[in-house]
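See below for the structure under consideration.
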Amino acid sequence: MSDPTLDETINELEALIETKREELQEVVGGRRPPPGVILPRLTERVDGIDPMLFRTLPTPAESTSSPTAGSSAKTSTTAMKFEPSIAKTYEPHAIERARYAAWEQAGHFKPSAGDARYCIMLPPPNVTGSLHMGHAFQDTLMDALIRYHRMQGHSTLWQCGTDHAGIATQMVVERQLGLKGQSRHDLGREKFIEAVWEWKSESGGTISQQLRRMGASMDWSRERFTMDPALSKAVTEVFVRLHEEGLIYRGKRLVNWDPVLNTAISDLEVVSQEEQGQIWHIRYPLENGTGHLVVATTRPETLLGDVAVAVHPEDERYRRIIGKYLKLPLCDRSIPVIADSYVDPAFGSGCLKITPAHDFNDYIVGERHSLPKINIFTDNAAINDNAPAAYRGLDRYAARKKIVADLEAQGLLARVDPHKLMVPRGDRSQAVIEPYLTDQWFVSIAPLAEPAIKCVEDGRIRFVPENWSKTYFEWMRNIDDWCISRQLWWGHRIPAWYDRSGNIYVGRTESEARAKAGLSLDVALTQDPDVLDTWFSSALWPFSTLGWPDKTPELATFYPTSVLVTGFDIIFFWVARMIMLGLKFMGEVPFREVYIHGLVRDAEGNKMSKSKGNILDPIDLIDGITLEPLVVKRTTGLMRPEDAAKIEVATRRQFPNGIPSYGTDALRFTFASMATQGRDVRFDLGRIDGYRNFCNKIWNATRFVLMMVGDNPLKGTPSVASYGLPERWIRHRLRSALGEVRDSFESYRFDLSAQAIYEFVWDEYCDWYIELAKVTLNDEQAPDEVKHATRHTLVEVLEFSLRMMHPLVPFISDEIWCKVAPLMGKRGNTVMLEPFPNVAEVAPDDAAARTLDWMKTVILGVRRIRAESNLEPSKRIPLKVHGGSTAERQALQALEGYIKQLARVEKIERIDEVDDPDATTALAGETTLLVPLLDLIDINVERERIGKELARMTQDLQRVQGKLATESFVAKAPPEIVDKERKRATDLGDQITRLTDQLARLQR
RNA sequence: GGGUGCUUAGCUCAGUCGGGAGAGCGUCGCCCUUACAAGGCGAAGGUCGUGGGUUCGAACCCCUCAGCACCCACCA
C-alpha cells in the first residue's frame, strides 16, 4: 500500500461512495432500496485487494428471511395466505457468500471416494493477476463440469493454484520499486526476491478470493504455487533428467532479445505487427573502384555488422563479381560478394547484405558460408566496441539516424522509400526485439514433439472442437528448439554450475553436480544466474501438482486428468508443452480431452483490454457498480493516460447508470449460454439481464410451490391413477429436457444445456404446468388424491430441475433445494452432493404429450382470437367447438376445466352445425373453434385475419402438392417423408376448406 | 505467403441425420389475472453473404467469388 497514486484513488473512491450513500439514504429513507437500485460499495480492487470479500458473512440461518416456525401448513385453497420460508424477492447477495463459505467449510470440494474419477487442472492464473472475464468464463465451464461429475458420484478433483509468471510478476514488483525511486539492482538479487515473495503474500490471494465469488468448487486444500518447494523440486528433476538425456543443451545461438527487459524470450513471446517504416537503398562500392552494388535494408544500423553481400548464383547481372570484395561503408572493412540461392533476384536490386549476428536468415546464410558473426550491440541495444568509434555507445535508433546522415553525406544513400514491415515486439515489454547472439539453454524439441503429435493423431487426446487439432499439428510439425533460459531474477534458478574455465556441471544440487563430475570441493563453482521460462514449470502442472516425482496416491488416481479447458491462445505456450512433458515423464497423456473455448470480447467484438478501457470486471457484474467508480476504475493506471478522456466519455455513454448487480448465478448462466463452438464470444449486457430475470423466475416459481404445498413433507407417493394429464405431460417434458441437458454436458455444449434448462423451467414448467396445477388445486370438486398428486408433481419436478441446473447456477439451486427437498423427504443438506438426475428415472408418455399439445393449440387459438379481436383479457368469453377426431373429443371433455381457465372461456358448447355467421375461428387439429363475435368486433378485421391465414396455408399446400406431384420425389424419398407430406396435404386441405367456409359465412 | 474460422430476424446467436427457418434481447399491441411488472398474453420481423454444382429435396454437402476475423511465417 505504499503506492501514493493508489492511495489517492482509494481516498477518492471512498469519498465518492460516502456521498452516494448519503444521497441514497435520502432517497430510500433508510430502507432497503428497491430492486434495480444499486447499492454503492467500496470498489477497492484497483489495487488488487478486496477487503470486503468475505468480511461479513451472514450465517446461513440469517441469510434467508423470517422462518415460519409455528405457522401451520395449510394445504387447502386458502394456502395463498401462507407465507413460505423463502424471501419475497430474489437477492443473490443474500445467499451467495454464505453458501459458498458453508460448502468450503464442510469440505464438499474435496474428492470423494469412488471408482470413477474425474479431474480437471485449473490453468494456473498469474499470481499477480485479478480475475478477468476470460477467467470467469473458463471457470464457469470448468465448475459446471466438475459439479456435473461430482453429482454423478465420481471422485472429483479440481486442482487449483497459481503461476509465478516470471516476467509479469518481476515487472510488477519492479514498477513498485520504481515508484520509490529504486531499481532491483539497488536491492540486489536476494533482497529483490524477498520483496517479490513479500508482495506475493500480500497481494497474491486476490484471484483465489475472486474465484470463490464465482462459485468455483475447487479443492482449496490442494492449492499449489509453481514455486512451492515441491513443484520446484519437480522442475529441477525434469531439467536434470532432460539434460542427462541430451535433450537440454546450452549453446550460443541467435535468440530473441528484449533490450528493455534484458533477457532472451522464446519465439512465442514475440509478437510481430505491421508498422510503417522506411527502406534505405545503400551503395556498397566495389573495392576495385569499378562501381558499386545497391543493397536495400530496413535496418541501416546493422550495416556495422555486415560480413558479406549475397546475390543469387544464377543472377546474370552479378555473376562476374561473385568473389570480389566491397568496401563496407562507414567501416574500415572489406566484405566479399557471395552467391546464395536464398537471395530473391527479383526483390529490389537482387543484392542482400548479410549480418549473421543480427538477423535469423543471415545467420543461416553465414553458417553456410563460414562467415564471421560480428555482434555490434550491447544488452541494451546500444552500439558496442566492435563498431567504429564514431557510433559506439549510441542507442540503436540514434545510431540509425547518424548512419543514414553519414551515408548521405558521402553520397552512398541511393534512395529512401516508405515501407511497411513486420516489427517484432516483446509481448510483455512491447520493446522491439533484437536477434542477438548469446549463450542460452534450449530444449531439443523434435524428439519430444513426435510422440506428442502421435497421441493426438491416434485419438489418445481429443480436441473439442475437433478442428483445433489442425492448428496443433501445424505448429508441432514446424516447431523449433525451445529457449528456456531467462535473464531474470524471479523464477526457478537453473541447476547448472560453472567452474573458472566455463565448464558446465548440472545436478539436482551443487553437491550432486560436483559428485557426478568427481570435482573436489576446492574447485570453485558458481551457479548459472538465469532462471527458467515460466512455461517450463507450467508444462509440468498436471503431474507436479499431484506430487511428482514422488509416487503419491493422488498421482496414481488422477493422472491422466479428464479434460483440459482452455483458450486457443495458449495451445502452443502451454497445451503442447504439457503434452510433450507429460508423455515424457509420466509415459501417458496429461489429459484425455482438450476443450477449447472462445475469447470473451466486448459487445462490439473488440478484445477487452485495459488500454482500450473496455474491460468489464466480473465482480462488478456480480455486485454492481455505480458510474463514477466505474469511470475512475477504467481510467486509472492507463499505459497511455491521454486516452482517459475518450474512455470516460465512452463509459458514460455505455453505462449511464453504472452496472446493476446481477449476482453470480446470472453471470454464470450467461457464460454458459455463450459457450458455443465459435472462436470468440461477445459479452452483451442484454443477455445477463435476461438470465438474471430467469433466476428471479425460478425463485418466484419456488415461492408459489411452497405456498401451495406448505412446509410439511408430502405424505406418500401418489398412485399412478391419480396423475392427471398435466402431471404426465410435465414428466414427459422433463425427461426430454434432462436428456438434452445431459447430452450437451457430455459434448461440452453448455449453450445447449443452458437453453434446455431455460426453456423447460420457464416455458414448460412455469408457463404451463404451474398454471395447470393452479386449476386443479383451486378446483373444489377435485379429489384430494388428485390434488396430492398435483402438489407432489410440483415439488418433484422442481426438485429434479434444481439438481439438473445446479452445475450452472449453484447458489440459487442449492438455496432453493434446501427448502424444497425436505418436502420430498430428502435429508441431504446440499444439492451439490445429490445425484444428477437420470433420464431413466422419468418414463416417457407420448400419449399425454400429444393430448396436452393439442390442448395447447386450443388455448393458444382462443388467446389469439382474443388478442387480435381486442377482447378484454379479463372478460370470459363463450366458446363453440365443431368437429374433431374421437381423441380430440375425449380430450376436450377431460381437459375442459383447464381450457376454460387458461383461455379464460366462460363455457364450452359443442355444436353439430356451424350456424353462427358472426363468429371468429381458430383451428386445433381437426377441431374448429368458434368465438361468437361481440358487438364491438369489427368484422373486417376478422376477414383480413382469415384471409391472411388462408393465403399462408394455400401457399404451403401448393408447395406440398408440387412435391407430391414430382414422380422422383415419391419414388426416391424415404417413405416416411412421403407419408408425412401426404398427411400435411390432407390436413392443409381440410383446414383450408373449413376456413373458406367460415370466410364465406362472414361475407354474407 | 501458408493456414483456420465466420457471414441466418433490427442486435447477439442456435440450427446435431440434407426433409415444414428458431431463441434471447429489442420493437409493437393489450393487461398490476391472488409466484413473479425482473411479470403475463398476443403480434410483427428472414432472398439463410454471392453465383454455380450435386440431390427427388440444400441454411446444411462440393466449387467460385466477395466481405470480416484470427493464427502461423525469415522476404531484405
Side-chain angles (χ1 to χ4, degrees), chain A residues 35-36 80-81 84 86 88-90 272 279 295-299 310 342-344 346-355 359-364 419 421-422 435 465 467-468 470-471 474-475 478 568-569 571-572 599 603 605 660 666 673-674 676-687 689-708 743-744 747 749 751-752 755 758-759 763 766-767 770-771 774 778 860 863-868 870-874 902 904 956 959-960 963 966-974 976-978 980-981 984:
Chain A
M80 292 300 190
K81 285 175 195 130
I86 179 171
K88 180 122 193 196
T89 47
Y90 167 57
S272 288
I279 187 162
V295 302
T297 180
T298 53
R299 308 209 42 205
Y342 167 72
V343 180
D344 176 3
F347 190 95
S349 61
C351 301
L352 173 63
K353 69 198 255 323
I354 302 296
T355 323
D359 184 285
F360 288 101
N361 292 309
D362 294 5
Y363 183 88
I364 296 164
H419 186 75
L421 70 162
M422 296 297 281
N467 58 289
W468 285 108
K470 287 184 196 166
T471 308
E474 189 65 23
W475 190 69
N478 297 297
F568 59 84
D569 49 332
I571 290 180
F572 308 141
L599 202 70
S673 72
M674 295 191 318
T676 60
Q677 300 278 32
R679 188 164 281 212
D680 50 14
V681 290
R682 294 189 186 196
F683 193 89
D684 188 354
L685 277 185
R687 294 288 286 274
D689 226 41
Y691 294 127
R692 190 261 327 263
N693 294 355
F694 176 59
C695 292
N696 187 52
K697 190 77 182 174
I698 298 169
W699 188 267
N700 281 298
T702 305
R703 262 168 42 83
F704 172 76
V705 171
L706 293 177
M707 272 187 199
M708 284 312 205
D743 288 351
S744 347
S747 54
R749 289 302 305 270
D751 58 324
L752 300 182
Q755 199 183 343
Y758 186 96
E759 283 174 0
D763 300 344
C766 291
D767 284 353
I770 285 186
E771 294 307 316
K774 281 180 187 171
N778 287 330
L860 291 171
R863 282 177 181 169
R864 188 159 156 233
I865 290 171
R866 178 195 297 279
E868 287 181 359
N870 291 323
L871 290 169
E872 268 179 69
S874 55
L902 268 61
R904 311 237 88 207
D956 263 18
R959 207 177 52 234
V960 174
K963 249 183 174 177
T966 314
E967 261 178 57
S968 49
F969 172 73
V970 182
K972 292 191 180 178
E976 64 269 24
I977 297 292
V978 179
K980 207 169 137 192
E981 294 294 320
R984 278 192 67 203

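The structure displayed is predicted, hence computed values, not measured ones. Proteins get letters first, then strands, A, B, ... in listed order; numbering begins at 1 in each. In what follows, every heavy atom counts, from backbone to side chain, and hydrogens, waters and symmetry copies are set aside.
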* Asked: Is there a donor and acceptor pair closer than 3.5 Å between the side chain of A:Tyr342 and the base of B:C75?
  -> no
* To do: Would you mind classifying the nucleic acid contact of A:Cys766 as base, sugar-phosphate or nothing, using non-hydrogen atoms under 4.0 angstrom?
  => base
* **A:Glu474 (side chain) and B:A73 (base): donor-acceptor pair under 3.5 Å** => no
* To do: Please state whether the phosphate of B:C25, meaning OP1 or OP2, lies under 4.0 angstrom from any side-chain nitrogen or oxygen of A:Arg687.
  => no
* Asked: Checking all strands, does A:Lys470 fall into the base, sugar-phosphate, or nothing category for heavy-atom contacts under 4.0 angstrom?
  -> sugar-phosphate
* Give a yes or no on whether a salt bridge exists between A:Asp751 and A:Arg749, defined as a side-chain N under 4.0 angstrom from a carboxylate O. => yes
* **A:Asn693 and A:Asp689 side chains, donor-acceptor separation under 3.5 Å** => no
* **Pairing nucleotide - B:C41, Watson-Crick or G-U, each distance under 3.5 Å** => B:G29
* Structure fact -> The nucleotide from B:C56, B:A23, B:A14 with an atom nearest the side chain of A:Glu759 is B:A23
* Residue whose closest nucleotide on RNA chain B lies nearer the 5' end, A:Tyr758 versus A:His419 -> A:Tyr758
* Can you tell me the distance, in whole Å, between the CG atom of A:Leu752 and the P atom of B:G24? => 15 Å
* Tell me what A:Tyr691 touches on the nucleic acid: a base, only sugar-phosphate, or nothing, going by heavy atoms under 4.0 Å. => nothing
* **Residue pair A:Met674 / A:Phe683: nearest heavy atoms and the distance that separates them** => CE-CD1, 3.6 Å
* Pick one for B:C17: is it syn, with its angle within 90° of 0, or anti? -> syn
* Across all strands, who's sitting opposite B:C56 as a Watson-Crick or G-U wobble pair, both distances under 3.5 Å? -> B:G19
* **Atom-to-atom span, CG of A:Asn467 to C1' of B:C71 - whole angstrom** => 12 Å
* To do: Provide the Watson-Crick or G-U wobble partner of B:U7, both distances under 3.5 Å; none if there is no partner.
  => B:A66
* Asked: Is the distance from OP1 or OP2 of B:C41 to the nearest side-chain N or O of A:Arg866 less than 4.0 Å?
  -> no
* Base of B:G42 paired with side chain of A:Arg863 (donor-acceptor, under 3.5 Å) -> no
* Asked: Base, sugar-phosphate alone, or nothing: which one does A:Phe360 contact when heavy atoms must sit under 4.0 Å apart?
  -> nothing
* Asked: Would you say a side-chain N or O of A:Lys774 is under 4.0 Å from OP1 or OP2 of B:A35?
  -> yes
* Structure fact -> Assert: residue with more 5' nearest nucleotide on RNA chain B, out of A:Lys980 and A:Ser349, is A:Lys980
* Can A:Tyr342 and A:Asn361 be counted as having a side-chain donor-acceptor contact under 3.5 angstrom? -> yes
* Between A:Asn696 (side chain) and A:Arg692 (backbone), is there a donor-acceptor pair under 3.5 Å? -> no
* Distance under 6.0 Å and angle within 45° of ring axis: A:Lys697 vs A:Tyr691 -> no
* Check every strand shown and say whether A:Met422 touches a base, only sugar-phosphate, or nothing at a heavy-atom separation below 4.0 Å. => base
* Select base, sugar-phosphate, or nothing to describe what A:Leu860 touches, counting heavy atoms under 4.0 Å on all strands. => sugar-phosphate
* Asked: What is the nucleic acid contact for A:Asn478, judged by heavy atoms within less than 4.0 Å: base, sugar-phosphate only, or nothing?
  -> nothing
* Asked: With a 4.0 Å cut-off on heavy atoms, is A:Val705 in touch with a base, just the backbone sugar-phosphate, or nothing at all?
  -> nothing
